[in-house]
Structure formats: C-alpha cells, structure tokens
Amino acid sequence: MLRLLLFAVAGSVYGCDIAAVREIVPLRRTTRLPGAPPHVRGLLNLRGAIVTVIDLAARLAGATSADDGSVVLAEFGNRNVGLAVDEVRDVQILTPERFERASGDVARGGIVRGLGHLDDGVVIVLEVPAVIRQVMA
C-alpha cells in the first residue's frame, strides 16, 4: 500500500510517496543561481536554512511553475531540497493492484516510479530521490 501526495504540475497530476515529504510550504521568491540548469528555480531561505528549489514544471514539461504554488520539501542526505509545484491537491492511498510499476524509465533518468489508477483518473508517481539526485549529485 502506498500513501501518495498528489500535486498538479503544468496541467498534469503527479504524486509521490508521502514518506519522502518532510514539509509543504508556500512558494516564495527564490534567488536564481547563475549558470544553473533551467529546472533549478533557485535558492530559498527557509527559517535560516538554504534550500535548493527544483522547478518540476521545467523538469517534466519544459514550462515554469506558477508563482503562487507550493514547495514540497524532501530530505536528500542531510539537506532539504524543495520541489516547486503548481498546486498540492490531496493524499490518497493506493493499493498494490491499482499501481503499475514503470518499466524502462530510462529517458527521464528513472524518475517515474509508475502509474497509479485512482477513481478520478491516472496519476504519474514520481521517485523523489531520483529527481533530486539528478540535480544535487
């Protein structure tokens, strides 16, 4: 059984294992890093800690996240990393028979864990550590 945090990014619904999420905060102004890839939105000062924010819309759809979205904070090693999303939607429980594991997600670097079949549609389940590893490694 998987507990998913559902969120909207560039018009699509994505989800991630809620266990990977540390906190959700409103999106604030970030400081852009010169020379950083387009999917790195910038740095955010969160209660005195500097957090790198990855723009999931830029990473997944070549777009930019809304300025009034949210940041999903996840731990990566001993650091917190933020994922900018357009809207946090819900937490859903996904049973094993409603989850389809991804086979061969090589094109996106292993960031798609699989597909979840919910009552109101399909959700793309992301592997948060893989998304962060691509930027932070």
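In this structure, Ala36 and Val40 approach most closely via the heavy-atom pair CB-CB, 4.1 Å. When all heavy atoms are compared, the tightest approach of Val123 to Gly15 is CG2-N, 3.5 Å.
At a threshold of 4.5 Å between side-chain heavy atoms, the hydrophobic network of Ile, Leu, Val, Met, Phe, Trp and Tyr places Leu126 and Val9 in one connected group. Hydrophobic clustering (side-chain heavy atoms under 4.5 Å, transitive across Ile, Leu, Val, Met, Phe, Trp, Tyr) keeps Phe99 apart from Ile111. Two different hydrophobic clusters hold Leu44 and Val135 under the rule that ILVMFWY side chains link at heavy-atom gaps under 4.5 Å. A continuous path of hydrophobic side-chain contacts links Val71 to Leu46 [ILVMFWY only; heavy atoms under 4.5 Å]. Cluster membership check: Val122 does not share its hydrophobic cluster with Ile93, using side-chain heavy-atom separations under 4.5 Å among Ile, Leu, Val, Met, Phe, Trp and Tyr.
A heavy-atom distance below 4.5 Å is not found between the side chains of Val91 and Leu4. Looking at heavy atoms from C-beta onward, Leu56 lies in side-chain contact with Phe7 at the 4.5 angstrom threshold. Between Leu43 and Val53 the shortest side-chain heavy-atom distance does not fall below 4.5 Å. Two residues are said to be in side-chain contact when any heavy atoms from C-beta on lie closer than 4.5 Å; Glu23 and Val72 fail this criterion. Side-chain contact between Leu27 and Arg41: present, with at least one pair of heavy atoms (C-beta onward) separated by less than 4.5 Å. Taking the side chain as every heavy atom from C-beta outward, Leu60 and Tyr14 approach each other to under 4.5 Å. With contacts defined as side-chain heavy-atom distances shorter than 4.5 Å, the pair Arg113/Asp17 qualifies. Two residues are said to be in side-chain contact when any heavy atoms from C-beta on lie closer than 4.5 Å; Val125 and Val112 fail this criterion.
The CZ atom of Arg98 sits 13.5 Å away from the CE atom of Met1 when rounded to the nearest 0.5 Å. Considering CD1 of Ile132 and CD1 of Ile54, their distance stands at 5.5 Å, rounded to 0.5 Å. With rounding to the nearest 0.5 angstrom, the CG atom of Leu118 is 6.0 Å from the CG atom of Leu6. Distance check, rounded to the nearest 0.5 Å: CZ of Arg22 to CG of Leu73 gives 7.5 Å. In this structure, His117 NE2 and Leu115 CG are separated by 5.5 Å, a value rounded to the nearest 0.5 Å. Remark: Cys16 SG to Leu5 CG distance equals 5.0 Å, nearest 0.5 Å.
No salt bridge links Arg28 with Asp68; every basic N to acidic carboxylate O contact stays at or beyond 4.0 Å.
Within a 6.0 Å radius of CZ in Arg32, more than 12 heavy atoms belonging to other residues, nucleotides or ligands are found.
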Task: Test log, rule side chain to side chain contact (heavy atoms under 4.5 Å, CB included), inputs Val51 and Thr30 - done: CA-CA 9 Å; Val51 175; Thr30 56; over 6 Å; no
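Judged by distance alone, the side chains of Gln134 and Arg59 do bring a donor and an acceptor atom under 3.5 Å apart.
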Under 3.5 Å, side-chain donor or acceptor atoms of residues 81-89 against the rest of the protein: list the pairs with distances, not counting sequence neighbours.
from, atom 1, to, atom 2, distance (Å)
Asp86, OD1, Ala66, N, 2.8
Asp86, OD2, Ala10, N, 2.8
Glu87, OE1, Arg89, NE, 3.2

